[in-house]
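As the structure lists them, so they are numbered: ligands from 1, and atoms in each ligand from 1. Computed from heavy atoms alone, side chains included, the values below leave out hydrogens, waters and symmetry copies.
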Amino acid sequence: MMKSVALSSLAALTFGLMAAPAFASAHADAAAGETAWRSCRACHGITDPAGTVIQRGGRSGPNLFGLPGRAVASAEGFNYSSALEQYAATGAVWTEELFVEYMANPTAFLREKLDDTGVRSPMSFRMRSGAEDMWAYLESVSPDSE
Ligand code: HEC
């Protein structure tokens, strides 16, 4: 279902037709998320456990493979900030809601979750819109996306 919606809106764009904006905002669009990946690639890649590269990217941020449902700050071999690790110690797992909140402002997110105005996220990027689409894209490249 999700895939056919994404494909049909991609097809609409390909043929130069405008996808109705109301429709696009009501349904997360994995294809739009994939397009927006260009904002992440300087710092993140997506590589599955077998080593298959889904998105080549920088290494200053953690591998985002399988993020939906993944424990916070759990990418193997990545040196997370102590603030995010402290939050992860509460047992937090990435849900869409949490992800959307984090993406809007990682520093504000950590300050609120840790109730500490002194912390700052090393992720300087803020995603002002389209985080739902990015979540749909990350789900589409996750192991149990169906
Ligand atoms: C300028 C570099 C940079 C950019 C651009 C960037 N990030 Fe990050 N991201 C980071 C860093 C560094 C961390 C580690 C944060 C920490 O340790 O507190 C991070 C952490 C994350 C996490 C937490 C992962 C986990 O394992 O818990 C998510 C989710 C995330 N980024 C998503 C994204 C997405 C999606 C984009 C693009 C829309 C993006 N980031 C763009 C640098 C970046």
### Message
Just to be sure I'm reading this right: ignoring hydrogens, which of Gly61, Cys43, Ala83 gets closest to atom 1 (C) of ligand 1? Compare them by their nearest heavy atoms.
### Response
Cys43

### Nearest option to atom 14 (C) of ligand 1, as decided by whichever heavy atom of Phe78, Tyr137, Phe99 sits closest
Phe78

### Task
Answer yes or no: is there a side-chain heavy-atom contact under 4.5 Å between His44 and Arg59?
no

### Message
Give the atom numbers and elements of ligand 1 that come within less than 4.0 Å of a heavy atom of Met127.
### Response
38 (C)

### Query
Between CG of Asp48 and CG of Asn63, what distance do you get to the nearest 0.5 Å?
9.0 Å

#### Entry: Cluster overlap Val100 with Met123, hydrophobic side-chain contacts below 4.5 Å
no

### Query
Using the ring of each side chain (for Trp, its six-membered ring), is Trp94 parallel, tilted or perpendicular to Phe99, with breaks at 30° and 60°?
perpendicular

### Task
Go through ligand 1 atom by atom and flag the ones less than 4.0 Å from a non-hydrogen atom of Ser124.
1 (C)

### Message
Any heavy-atom pair between the side chains of Phe125 and Pro106 that's under 4.5 Å?
### Response
no

## Note on the structure
of all protein heavy atoms, closest to atom 13 (C) of ligand 1 is Pro62 CD, 3.6 Å

### Query
What is the distance from atom CD1 of Ile54 to atom CG of Leu64, rounded to the nearest 0.5 Å?
11.0 Å

### Message
If the test is side chain to side chain contact (heavy atoms under 4.5 Å, CB included), which one of Gln55, Met134, Met127 qualifies with Cys40?
### Response
Met134

### Query
Is any N or O atom of Trp37, backbone or side chain, closer than 3.5 Å to an N or O atom of ligand 1?
no

### Task
Measure the spacing between CG of Leu138 and CD1 of Ile46 and express it to the nearest 0.5 Å.
5.5 Å

### Query
In the protein, what heavy atom is nearest to atom 15 (C) of ligand 1, and what distance, to one decimal place, separates them?
Pro122 CG, 3.6 Å

### Message
Angle between ring planes, Phe109 versus Tyr87, binned at 30° and 60°: parallel, tilted or perpendicular?
### Response
perpendicular

#### Entry: Structural part of Cys40 in contact with ligand 1, heavy atom criterion under 4.0 angstrom
both

### Task
For Arg41, look at atom CZ and say whether over 12 heavy atoms of other residues, nucleotides or ligands are found less than 6.0 Å away.
yes

### Message
If we set the cut-off at 4.0 Å for heavy atoms, which region of Leu67 has an atom near ligand 1: side chain, backbone, both, or neither?
### Response
side chain

### Message
Using side-chain heavy atoms (C-beta onward) and a distance below 4.5 Å, is Lys113 in contact with Leu98?
### Response
yes

### Task
Pull out every atom of ligand 1 sitting under 4.0 Å from any heavy atom of Ser81, numbered as shown with elements.
16 (C), 17 (O), 18 (O)

### Task
With heavy atoms of Ala73 as the reference, note each atom of ligand 1 found under 4.0 Å away.
25 (C), 26 (O), 27 (O)

## Note on the structure
Counting heavy atoms under 4.0 Å, the part of Trp94 that contacts ligand 1 is side chain

### Task
Note the single closest protein heavy atom to atom 12 (C) of ligand 1, along with its residue, its atom name and the distance in Å.
Ser60 O, 3.2 Å

### Summary
Within the 4.0 Å heavy-atom cut-off, what Tyr80 brings close to ligand 1 is both

### Message
Once you restrict to heavy atoms under 4.0 Å, what part of Leu138 touches ligand 1? Side chain, backbone, both or neither.
### Response
neither

#### Entry: Straight-line distance of Glu132 CD to Glu97 CD, nearest 0.5 Å
11.0 Å

### Query
Which protein non-hydrogen atom lies closest to atom 39 (C) of ligand 1, naming both residue and atom, and how far is it?
His44 CD2, 3.4 Å

### Task
Out of Met134, Met103, Met123, Glu85, indicate the one that has the non-hydrogen atom closest to atom 34 (C) of ligand 1.
Met103

### Message
Quick test: of every protein heavy atom, which one is nearest to atom 5 (C) of ligand 1, and how far off is it to 0.1 Å?
### Response
Ser39 O, 3.3 Å

### Query
For atom 28 (C) of ligand 1, what is the nearest protein heavy atom, given as residue, atom name and distance?
Tyr102 CE2, 3.7 Å

